[in-house]
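Quick caveat: nothing in here was measured; it's all calculated off a predicted structure. The sequence lines fix the lettering, A, B, ..., with proteins before strands; numbering per chain opens at 1. Scope of the values below: all heavy atoms of this structure, side chains included, with no hydrogens, waters or symmetry mates.
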Amino acid sequence: MNPELQRPKGTQDILPPESWRYDKMRRLALDIAQQYGFNLIETPIFEQTSVFLRVGEATDIVQHERYSFIDAGGVNLTLRPEGTAAVARAYIQNGLYNWPKPLKLVYWGPMFRRERPQAERYRQHTQFGAELYGSESPTADAEIILLACRVVDRVGLENPEVRINSIGCAVCRPRYRQALVEYYAGRREELCQDCQNRMEKNPLRLLDCKIDVAIRQTAPDLADYWCDDCRAHIESVMDQVGGAGRSIRRDPYLVRGLDYYTRTVFEVGHPSLGAATALFGGGRYDGLSGQFDGPSAPAVGFGMGIERMLSAVGNRLQPEPASVVYIAHLPGFENQAQLLGEQLRNVGLATECDLLNRSLKAQLREAGKTARFTVIAGGYEWEQNLVQVKDFTERSQESVAVPDLAGYLLNQLRNPEQNSDGGANL
RNA sequence: GUGGAUGUAGCUCAGCUGGUUAGAGCACCAGGUUGUGGCCCUGGGGGUCGGGGGUUCAAGUCCCCUCAUUCACCCCA
């Protein structure tokens with residue numbers, strides 16, 4: 001195929017049955033969000049570039065990986081690389097700080113980052129995320145983590161293991177940062193090239209270097225620098241999440257890339273993920289909304305990578321069977337079959353007809369792949385207002401009067417002793 | 001942005017050191033049953049061997065370039 005006509009690098013066409021898994025995942029996530037009292041918010045998939053520059057100037061996501069363009073009106077726009085900044089913008093612009101507190105929002109949609117694709121990392125990927133505004137309490141952090149864990153658990157990835165850390169607040173973090181830089185400065189010669197850069201740009205990220213692991217082992221620990229409030233905060237979060245039966249442990253080297261976090265940061269990984277570190281990750285960002293010319297509000301949230309979730313879940317999340325009834329027809333009865341199909345769809349039965357004028361044999365073969373019941377319309381039975389109904393799971397067949405067909409099928413489906421194990425998977 | 005691997009049918013792949021019309025399994029279609037699926041049997045459609053250039057009497061096979069995919073680093077969901 002002509003390279004110019006191929007899909008852009010790092011994007012994907014999601015084909016059935018995978019497409020149904022995506023859909024199921026979305027319904028499941030939103031369902032659980034509702035159970036926690038979260039409300040759905042939709043924001044544009046592009047924002048003015050300043051929105052993202054405002055919150056993440058030092059991060060790679062907005063520094064090197066931006067999809068930006070100037071539109072015909074000369075406005076500088078950027079495809080959103082993450083959800084938090086966009087929701088924060090919407091929070092201020094719509095005056096949501098005046099809504100009853102706390103404000104609990106979830107979002108679902110595509111995110112864009114121009115990076116080199118690799119395992120479970122795409123230039124367009126889907127994130128499900130939550131943002132909880134207006135509460136400084138550790139119960140808010142805990143609820144965010146518990147919500148995300150429940151989604152992970154519900155799709156079949158049992159026992160998500162939460163790694164958590166506190167990167168401190170405006171009081172204690174600067175003290176720690178200074179101690180850390182002093183420690184690493186004494187060993188500058190031993191550091192890898194990336195870490196030399198990290199010392200200038202974002203010293204905290206020295207801690208998650210995969211090469212210089214030996215050096216960090218004797219580095220100062222954040223926990224020794226936490227102020228009383230920060231210490232009490234993370235301990236309370238861990239108590240709640242652990243008390244709810246989730247496994248959670250402190251990871252002293254966990255520091256997240258986005259630099260708007262305060263106190264809590266957390267991640268959940270999965271063994272099947274390889275180089276991709278996290279199924280979901282997030283933290284607290286009390287100062288963020290204040291950067292949008294509005295009142296500052298405490299907030300905590302997470303983002304969850306749906307492609308990674310589905311990859312880790314594998315086939316444990318099965319799409320619903322496609323079709324329940326197939327209407328086959330004898331030669332010359334294709335129109336009647338389609339009309340019969342509409343009658344069954346009227347009562348909610350998933351129904352397919354032959355659209356290719358194929359032989360009865362071919363129609364039955366097709367039906368056997370997707371349907372539980374096959375109706376055969378036409379011939380001499382049709383003259384007597386009858387159709388043949390085959391039940392593939394029972395290997396049975398009987399004549400049913402056309403006016404009774406819908407009722408008959410509904411009644412068969414309601415019968416509990418019959419289970420549809422008969423090849424009805426998409 | 002840096003480094004490695006791989007591109008043969010819709011899918012998974014075979015094709016020995018270059019040598020006739022490039023194969024298999026699965027999938028798809030038809031027939032075996034002019035009105036009854038699955039299993040079985042028979043047949044069929046499908047390929048610019050990613051693209052371009054080069055070496056050679058001869059290239060899927062060797063060389064160069066390019067594109068795509070993939071894995072890792074950086075970073076992240």
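Ion pairing between E267(A) and R163(A) holds under the 4.0 Å rule for side-chain N and carboxylate O. Using a 4.0 Å cut-off between a side-chain N of Lys or Arg and a carboxylate O of Asp or Glu, D286(A) and R284(A) qualify as a salt bridge.
No N or O donor and acceptor, one from the side chain of K361(A) and one from the base of U36(B), sit under 3.5 Å apart. Contact annotation: side chain of Q363(A) to base of U36(B), donor-acceptor pair absent below 3.5 Å. Applying the 3.5 Å distance criterion, the base of A77(B) shares a donor-acceptor pair with the side chain of E115(A). Checked by distance alone, R113(A) brings a side-chain donor or acceptor within 3.5 Å of a matching partner on the base of A77(B). A donor N or O paired with an acceptor N or O is not found under 3.5 Å between the base of G1(B) and the side-chain atoms of E65(A). Applying the 3.5 Å distance criterion, the base of C76(B) shares a donor-acceptor pair with the side chain of R308(A).
Taken to the nearest 0.5 Å, the CZ atom of R372(A) stands 4.0 Å off from the OG1 atom of T393(A).
Nucleotides U69(B) and G51(B) place their C1' atoms 14 Å apart, quoted to the nearest Å. Spacing between G25(B) and C67(B) at atom C1', rounded to whole Å, works out to 30 Å. One P atom belongs to U20(B), the other to C13(B), and the distance between them is 26 Å to the nearest Å. Atom P of A22(B) sits at a distance of 28 Å from the matching atom of C41(B), rounded to the whole Å. Distance noted for atom P between C76(B) and G3(B): 22 Å (whole Å).
OP1 or OP2 of A30(B) sits under 4.0 Å from a side-chain N or O of R365(A). An OP1 or OP2 oxygen of C76(B) is reached within less than 4.0 angstrom by a side-chain nitrogen or oxygen of R205(A). Contact annotation: R198(A) reaches the phosphate of C75(B) (side-chain N/O to OP1 or OP2, under 4.0 Å). Within the structure, a side-chain polar atom (N or O) of K9(A) is placed less than 4.0 Å from OP1 or OP2 of U69(B). In terms of phosphate contacts, K369(A) brings a side-chain nitrogen or oxygen within less than 4.0 Å of OP1 or OP2 of C28(B). Between Q118(A) and U70(B) there is no side-chain polar atom (N or O) within less than 4.0 angstrom of OP1 or OP2.
The CD-P distance, from E307(A) to U70(B), rounds to 13 Å in whole Å. Regarding R372(A), its CZ atom lies at a distance of 16 Å from the C1' atom of G37(B), rounded to whole Å. Rounded to whole angstrom, the span from the CG atom of D60(A) across to the P atom of C76(B) amounts to 6 Å. In this entry the distance linking CZ of R358(A) with C1' of C28(B) reads 10 Å, nearest Å. The interatomic distance linking Q193(A) (CD) with U2(B) (C1') rounds to 13 Å, in whole Å.
Without hydrogens or angle criteria, Q12(A) side chain to I14(A) main chain gives no donor-acceptor distance under 3.5 Å. Although no hydrogens or angles enter the test, the distance criterion places no donor-acceptor pair under 3.5 Å between the side chain of S236(A) and the main chain of H233(A). For the pair R21(A) (side chain) and L317(A) (backbone), a donor-acceptor distance under 3.5 Å is present.
Under the stacking criterion of a centre-to-centre distance below 5.5 angstrom and an interplanar angle below 30°, H64(A) is not stacked against the six-membered ring of G1(B).
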Tabulated below should be each protein N or O lying under 3.5 Å from an N or O of nucleotides 3-8 of chain B; please produce it.
unit_1: G3(B); atom_1: O6; unit_2: R116(A); atom_2: NH2; d: 3.2

Kindly indicate, with the supporting measurements, whether the criterion side-chain contact (heavy atoms from CB on, under 4.5 Å) is fulfilled by Y36(A) and R150(A). CA-CA 10 Å; Y36(A) 280 82; R150(A) 192 175 289 269; 2.8 Å; yes
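L30(A) is listed as a side-chain neighbour of R26(A), based on a closest heavy-atom distance under 4.5 Å.
Both tests pass for R216(A) against the ring of Y253(A): distance under 6.0 Å to the centre and angle within 45° of the axis.
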Under a cut-off of 3.5 Å for both distances of each Watson-Crick or G-U pair, what dot-bracket string does RNA chain B give, using [ ] for crossing pairs and | for inter-strand pairs? (((((((..((((.....[...)))).(((((.......))))).....(((((..]....))))))))))))....
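Proximity of the aromatic rings of Y91(A) and Y133(A) is defined here by a centroid distance below 6.0 angstrom, and this criterion is met.
With A72(B), A68(B), C28(B) as the choices, the nucleotide that has an atom nearest any side-chain atom of A119(A) turns out to be A72(B). Residue Y122(A) places its side chain closer to A77(B) than to any other of A77(B), G35(B), G38(B).
Evaluation of the salt bridge (Lys or Arg N to Asp or Glu O under 4.0 Å) rule for E158(A) yields R316(A) as partners, not counting sequence neighbours.
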